Amino acid sequence: MEHSNFMTHKNGRQRKAAGVAPSSVSMTDMDRVEMSSPEPELEGETEGLIRWSDTENRRPTVQPGVRGELGNVMLLLFLYVLQGIPLGLAGSIPLILQSKSVSYKDQAFFSFVFWPFSLKLLWAPLVDALYFSRFGRRKSWLVPTQYLLGLFMIYLSMTVNSLLQSEGGPKVLTLTAVFFMLAFLAATQDIAVDGWALTMLSRENVGYASTCNSVGQTAGYFLGNVLFLALESADFCNKYLRAEPKDTGIVTLSDFLFFWGIVFLVSTTLVAIMKRENGQDRGTRKVQEKTQGVMETYKLLFSIIKMPTVFTFCALLLTAKMGFSAADAVTGLKLVEAGVPKEQLALLAVPMVPLQILLPVIISKYTAGPRPLDVFYKAFPFRLLIGLWYAMLVWLTPSFKQDGGFPVYYYAIVLLSYALHQVALYSMYVACMAFHAKVSDPFIGGTYMTLLNTVTNLGGNWPSTVALWMVDPLTSKECQGAVGQSCGSPEEVGLCVKEGGACVTALDGYYVESVVCVVIGLVWWVWLGKKMKRLQEQSPAAWRCRSNH
């Protein structure tokens, strides 16, 4: 679940273009609310999700309708909701860390938690090919990964307070390791559920898998991120949910983790015992999966990426989002640093949901032609300018602050800024998705699109991590109130304070980054953007993997 949202820090949440045929694209994807990965996650499904041979079975079949498979649809929906919970929780941690004044270097380190969903192509062939046939191809991975998710969450519920509130500050290294494992397991569960969706539903209803994914991941992420941050906030609960104020929220992070850990263990046990994976329903046609060997899949991926046009396109995808990294990765943390309540930023994402649903539908009308990347090219500078506006918004934020917090019109400005950003973001996202579908070799469309989408997601992750890492080195501080002291290192900061001074930020690295990123983005747009547009002029043969023809 890629997605840019400076309001909430979400990981790994992603929408998929389920049922994408090589000549068209299904825009049911969702925005993944996350600061460290700026856009909706792209993910290619197997090309056969809703395609089958026209000559395979022309006999009339019973049309069961979705009501006949409501149980399977609800199970898929529930599994995707579970997937969104740990991702939402992982997305809330950077905001909690920021309220505890951790360094941006630590934030950059934690951002590696959001990488597994962008790299799962590396181990997806293993999940597809290795399994116990008697237990079930997908259950062989789903059951152990969900048990591990539940156990990790219960373990974390007992240790997270000590990790966040230790004497030397939050233990970012341990937090990163645990949440990275949660994200890795959630990504593996996603591979298994996506594959199971193909055979769990009949051919007439398999299109509902995309809806289950979108709705389920959105709901799970909302529960694990937005709802948790609101209920964990003492200020929010005292203001809206309580008659008598208290010092803590209604729930704690520890309680939340323990509850969902138990839910994972109980529900996984029920699925393992009660749900048969390989049963065939009478009167329905099931999509038959094709099993490909592990080595064959990796060889296929290598043969695709070494094609000149694909290699050039991948290089462009890996560098295209450098210009947006400061705005997407750092802005939300800077707003929290300026005093904006993290739960209020999270809640501002809620009214964006209708816009995020409508935008892909509207924009896809302009990307349906032979040149979808023209839309990408036109939206690029607009998004760069919004990045500069974000920096100005952060700079102006302290002047809006009042005794009771921030006025309503300030949040309206933030919301409008984010809405404009979504227009530019989704214009680029839908254009990329349409081009991927257009050029993918129809003989290997699923693998082809998954590779391109993986590269696209990675192209958003690494610049965000670098942007977070560089904030502190680019920040300049000076010691006021103590002559001859400086603030270049933690030791010097301690000496400054010991001498009765205080370290004051003279130049915030975020503003330096914002300008540098926009300059880099403009250079990319002028120099490489046109090269990317010209890829649309390549013949279809230039995108075909010759070893498969």
Side-chain angles (χ1 to χ4, degrees), residues 1-3 5 7-16 18 28-34 37 40-41 43 72-95 113-114 116-118 120 142-143 145-154 156-157 179 181-194 196-197 200 208-232 251 253 255-268 270-271 343 346-347 349-350 352-353 356-357:
M1 244 158 129
E2 214 180 325
H3 154 162
N5 189 342
M7 299 175 182
T8 352
H9 195 128
K10 144 220 146 208
N11 163 46
R13 199 176 84 175
Q14 53 197 34
R15 291 195 175 184
K16 317 178 181 192
T28 57
D29 245 77
M30 73 185 181
D31 196 40
R32 196 187 60 151
V33 185
E34 164 182 16
S37 195
E41 284 281 357
E43 176 173 342
N72 286 339
V73 171
M74 295 305 295
L75 175 59
L76 276 179
L77 183 64
F78 178 69
L79 291 175
Y80 281 121
V81 169
L82 288 183
Q83 184 187 120
I85 297 294
L87 303 181
L89 283 169
S92 69
I93 297 299
L95 297 176
V113 166
F114 305 116
F117 265 85
S118 298
K120 62 184 179 181
L142 178 75
V143 171
T145 53
Q146 290 200 170
Y147 271 134
L148 286 172
L149 276 165
L151 292 173
F152 263 100
M153 293 174 83
I154 292 174
L156 199 54
S157 72
F179 276 97
M181 183 55 66
L182 284 176
F184 175 80
L185 290 171
T188 305
Q189 187 253 30
D190 186 47
I191 298 168
V193 176
D194 290 343
W196 199 0
M200 187 184 295
Y208 285 100
S210 172
T211 304
C212 291
N213 175 269
S214 299
V215 176
Q217 279 193 344
T218 301
Y221 187 83
F222 179 87
L223 292 172
N225 188 289
V226 178
L227 183 64
F228 162 69
L229 286 172
L231 296 181
E232 186 261 352
V251 300
L253 180 55
D255 296 337
F256 200 82
L257 282 164
F258 184 80
F259 171 79
W260 284 106
I262 295 298
V263 171
F264 264 88
L265 295 182
V266 173
S267 60
T268 304
L270 293 175
V271 170
E343 65 276 4
L347 287 169
V350 176
M352 285 292 100
V353 172
Q356 292 164 354
I357 293 172

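Note that the structure is predicted; figures quoted are calculated from it, not measured. Just so it is clear, the values below take in all heavy atoms, side chains as well, and ignore hydrogens, waters and symmetry mates. For the single chain, residues carry numbers from 1 onward in sequence order.
- Minimum heavy-atom separation, Leu77 to Gly216: CD1-N, 3.6 Å.
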**OP:** Mind running side-chain contact (heavy atoms from CB on, under 4.5 Å) on Leu149 and Trp260 for me, showing each step along the way?
**Re:** CA-CA 9 Å; Leu149 276 165; Trp260 284 106; over 6 Å; no
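- The heavy-atom pair separating Gly224 from Ser92 by the smallest distance is O-OG, 4.4 Å.
- The CG atom of Leu89 lies 7.0 Å from the CD1 atom of Ile93; values are rounded to the nearest 0.5 Å.
- Ala90 approaches Val113 most closely through the heavy-atom pair CB-CG1, 4.0 Å.
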**OP:** Starting from the C-alpha separation in whole Å, work towards a yes-or-no answer on side-chain contact (heavy atoms from CB on, under 4.5 Å) for Asn213 and Asp190.
**Re:** CA-CA 9 Å; Asn213 175 269; Asp190 186 47; 4.2 Å; yes
Original post:
Run the side-chain contact (heavy atoms from CB on, under 4.5 Å) check on Leu265 and Ile154 step by step: do they pass?
Top reply: CA-CA 10 Å; Leu265 295 182; Ile154 292 174; 3.5 Å; yes
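- The backbone N or O of Leu79 sits less than 3.5 Å from a side-chain atom of Gln189, completing a donor-acceptor pair.
- Once rounded to the nearest 0.5 Å, the distance linking OG1 of Thr218 with CG of Leu223 reads 11.0 Å.
- Phe78 and Ser267 get closest at one heavy-atom pair: CE2-CB, 3.5 Å.
- With rounding to the nearest 0.5 Å, the separation of CH2 in Trp196 from CD1 in Ile191 is 16.0 Å.
- Within 6.0 Å of CZ on Phe258 lie no more than 12 heavy atoms contributed by other residues, nucleotides or ligands.
- Here the shortest heavy-atom pairing between Gly91 and Asn225 reads C-ND2, 3.3 Å.
- Separating the CE atom in Met153 from the CZ atom in Phe259 is a distance of 10.0 Å, to the nearest 0.5 Å.
- Residue Pro86 comes nearest to Phe264 through the heavy atom pair CD-CZ, 4.1 Å, listed as atom of the first residue, atom of the second, then distance.
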Subject >> Evaluation steps, side-chain contact (heavy atoms from CB on, under 4.5 Å), between Asp194 and Tyr80 >> reply: CA-CA 9 Å; Asp194 290 343; Tyr80 281 121; 2.5 Å; yes
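- Residue Thr268 holds its OG1 atom at 6.5 Å from CG of Leu142, rounded to the nearest 0.5 Å.
- Atoms CD and CZ, on Glu232 and Phe256 in that order, are 10.5 Å from each other to the nearest 0.5 Å.
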